[in-house]
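Numbering of ligands and ligand atoms starts at 1, following listing order.
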Amino acid sequence: MLILHTPQQMRTQSAAWRAAGETIALVPTMGALHDGHASLLRGGRERAARLVASIFANPTQFGPQEDFSKYPRPLNADLGVCRDCGCDAVFVPTADAIYPPGDQTVVEVTELSRPLCGTFRPGHFRGVATVVYKLLQLVAPDCALFGEKDYQQLQVINQMVRDLWLPVTIIPMPIIREPDGLAMSSRNRYLSPEERRQATAIPQALQQIVVLAAQTRDAARLVAAGRELLASAGIQHIDYLEIVDATSLAALTHLDRPARACIAAHIGTTRLIDNVAVAVPTPLC
Ligand code: AMP
């Protein structure tokens, strides 16, 4: 497995594979890899001749008060996961390599970056779109895999790829969960044992919404039920709990099209996000 540090090394390697007629899959990550990341890597392994993982905690997608400096960076363990999942190369650039002095170009997906996390993390999706665009330029993959765990991010990337005619197929991958339902996340390691127990209310609230959605199309009722469950678990700091259109992310009042229930909540000092597909109830005859 190659470990590549500079954009030039990454470009040269990718060009050599392409010249040999080999396809490339890319899995962008920020490191602290878990089974969610591993499922993306295995998905990429199946889809292309060459598999590249990138490990880069991207400073431009963190706000000034966020956890960039304490974000976990267990590089050796991460390289082990990449090796086990059959990566051909891991791209581990420095921040200066990705944003050299004088860098001033950004990519902004306007509408889709505004709701949900965009409201609470201004500039976050500009940072995400910009770094993903740069990684796609350097790796030139045939496909890139992204988890539905970061559902808004996935929609932002899809929109960017469409709008800029980027020659890559984006593959969405399902959310991998712990046995008790908590979505795997690099940030779960910040949780104390008590907070970890409390955090299971997040997937439980989403499940409650899925079950209730079979009985009502009223999004406000679904949201109220989810909020009640979070409150009963002692989760008070909720950034949002919304039912949104699965593609446009516009808030729905009525469940009349493919929808997604999305939550961002703080457990102690840790901010967690999760989401689930909500089926439209079948009409009664
Ligand atoms: P991150 O390292 O958090 O930036 O995540 C890198 C990629 O892994 C993103 O496409 C995430 O959506 C995806 N990912 C993170 N956690 C999970 C999970 N529990 N299940 C599936 N994909 C995930």
Side-chain angles (χ1 to χ4, degrees), residues 25-47 51-63 66-68 70-75 77-79 81-82 85 87 90-93 95 98 109 112 116-117 121 124-136 139 141 143-161 168-191 196 199-200 202-203 206 249 260 262-264 270-277:
L26 170 66
V27 176
T29 82
M30 298 209 299
L33 303 183
H34 48 65
D35 284 354
H37 298 109
S39 82
L40 269 56
L41 291 169
R42 285 191 287 265
R45 181 67 287 165
E46 286 169 8
R47 284 173 171 82
L51 173 61
V52 178
S54 61
I55 299 179
F56 180 60
N58 174 34
T60 65
Q61 69 188 71
F62 288 80
E66 294 181 0
D67 57 342
F68 175 66
K70 73 163 188 172
Y71 200 81
R73 292 170 171 84
L75 184 60
D78 287 349
L79 293 176
V81 174
C82 292
C85 293
C87 287
V90 185
F91 181 42
V92 194
I98 295 295
V109 176
L112 278 172
L116 303 174
C117 284
R121 304 186 72 188
H124 170 70
F125 290 112
R126 186 192 310 125
V128 169
T130 302
V131 79
V132 171
Y133 184 88
K134 286 180 181 239
L135 291 170
L136 293 173
V139 180
C143 65
L145 296 92
F146 290 85
E148 290 181 337
K149 158 80 166 43
D150 299 274
Y151 190 79
Q152 186 173 12
Q153 166 174 286
L154 174 63
Q155 298 312 314
V156 165
I157 301 298
N158 275 330
Q159 186 75 39
M160 173 182 78
V161 164
V168 62
T169 302
I170 301 301
I171 317 269
M173 297 290 286
I175 302 174
I176 304 299
R177 298 179 178 281
E178 301 286 356
D180 63 5
L182 182 66
M184 289 191 181
S185 164
S186 306
R187 292 189 166 99
N188 290 351
R189 65 183 76 190
Y190 299 151
L191 301 170
R196 173 65 186 76
T200 59
I202 293 174
L206 292 171
L249 307 182
R260 209 86 195 176
C262 302
I263 293 181
T270 306
R271 182 177 185 276
L272 298 178
I273 59 171
D274 199 353
N275 68 89
V276 71

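Contact between M173 and ligand 1 is absent, with no heavy atom of the residue lying under 4.0 Å from the ligand.
The minimum heavy-atom distance linking I263 with I202 is given by the pair CD1-O, 3.9 Å.
Between the side chain of Q155 and the main chain of L112, no donor-acceptor pair closer than 3.5 Å is present. No donor-acceptor pair closer than 3.5 Å links the side chain of D274 to the backbone N or O of C262. Listed for the N188 side chain is a donor-acceptor partner under 3.5 Å among the backbone atoms of A183. Looking at S186, its side chain does come within 3.5 Å of a backbone N or O of A32 through a donor-acceptor pair. For N158 (side chain) and I170 (main-chain N/O), no donor-acceptor pair under 3.5 Å exists by modelled atom type. Judged by distance alone, the side chain of E148 and the main-chain N or O of P172 form no donor-acceptor pair under 3.5 Å.
Residue contacts with ligand 1, taken as heavy atom pairs separated by less than 4.0 Å, involve P28 solely via the backbone atoms N, CA, C and O. Within the 4.0 Å heavy-atom criterion, the part of L40 lying near ligand 1 is the side chain and not the backbone.
Figure legend: K134 and F56 shown without cation-pi pairing, the cationic atom not lying both under 6.0 angstrom from the six-membered ring centre and within 45 degrees of its axis. The cationic group of R126 does not satisfy the cation-pi geometry with Y133, failing either the under 6.0 Å distance to the six-membered ring centre or the 45° limit from the ring axis.
Shown in contact with T29 at under 4.0 Å from a heavy atom are these atoms of ligand 1, numbered in order with element: 2 (O), 6 (C). If you number the atoms of ligand 1 from 1 as listed, the ones under 4.0 Å from a heavy atom of H34 come out as 15 (C), 16 (N), 17 (C). Below 4.0 Å from some heavy atom of P174 lie the following atoms of ligand 1, by number and element: 20 (N), 21 (C). Interface atoms of ligand 1 facing M184, defined by a heavy-atom separation under 4.0 Å, are 16 (N), 17 (C), 18 (C), 19 (N). Numbered from 1 in the order shown, with element, the atoms of ligand 1 that lie under 4.0 Å from a heavy atom of I175 read 20 (N), 21 (C). Near F146, with a cut-off below 4.0 Å to any heavy atom, the atoms of ligand 1 are 10 (O).
Any N or O atom pair closer than 3.5 Å counts here, and S185 shares no such pair with ligand 1. For ligand 1, the polar-atom distance check finds no N/O of A183 at less than 3.5 Å from any of the ligand's N/O atoms.
Atom 10 (O) of ligand 1 has G147 N, 2.9 Å as its closest protein atom, hydrogens excluded (heavy atom only). In terms of protein heavy atoms, atom 11 (C) of ligand 1 is closest to D150 OD2, 3.0 Å. For atom 20 (N) of ligand 1, the nearest non-hydrogen atom of the protein is I176 N, 2.9 Å. Ranking the protein heavy atoms by distance from atom 5 (O) of ligand 1 puts H37 NE2, 3.4 Å first. Looking from atom 4 (O) of ligand 1 to the surrounding protein, the closest heavy atom is M30 CG, 3.4 Å. With hydrogens left out, the protein atom closest to atom 23 (C) of ligand 1 is K149 CB, 3.9 Å, a heavy atom.
Between the OG atom of S185 and the OH atom of Y190 there is a distance of 8.5 Å, given to the nearest 0.5 Å. Of the inter-residue distances, the one linking L154 atom CG with M173 atom CE reads 11.5 Å to the nearest 0.5 angstrom.
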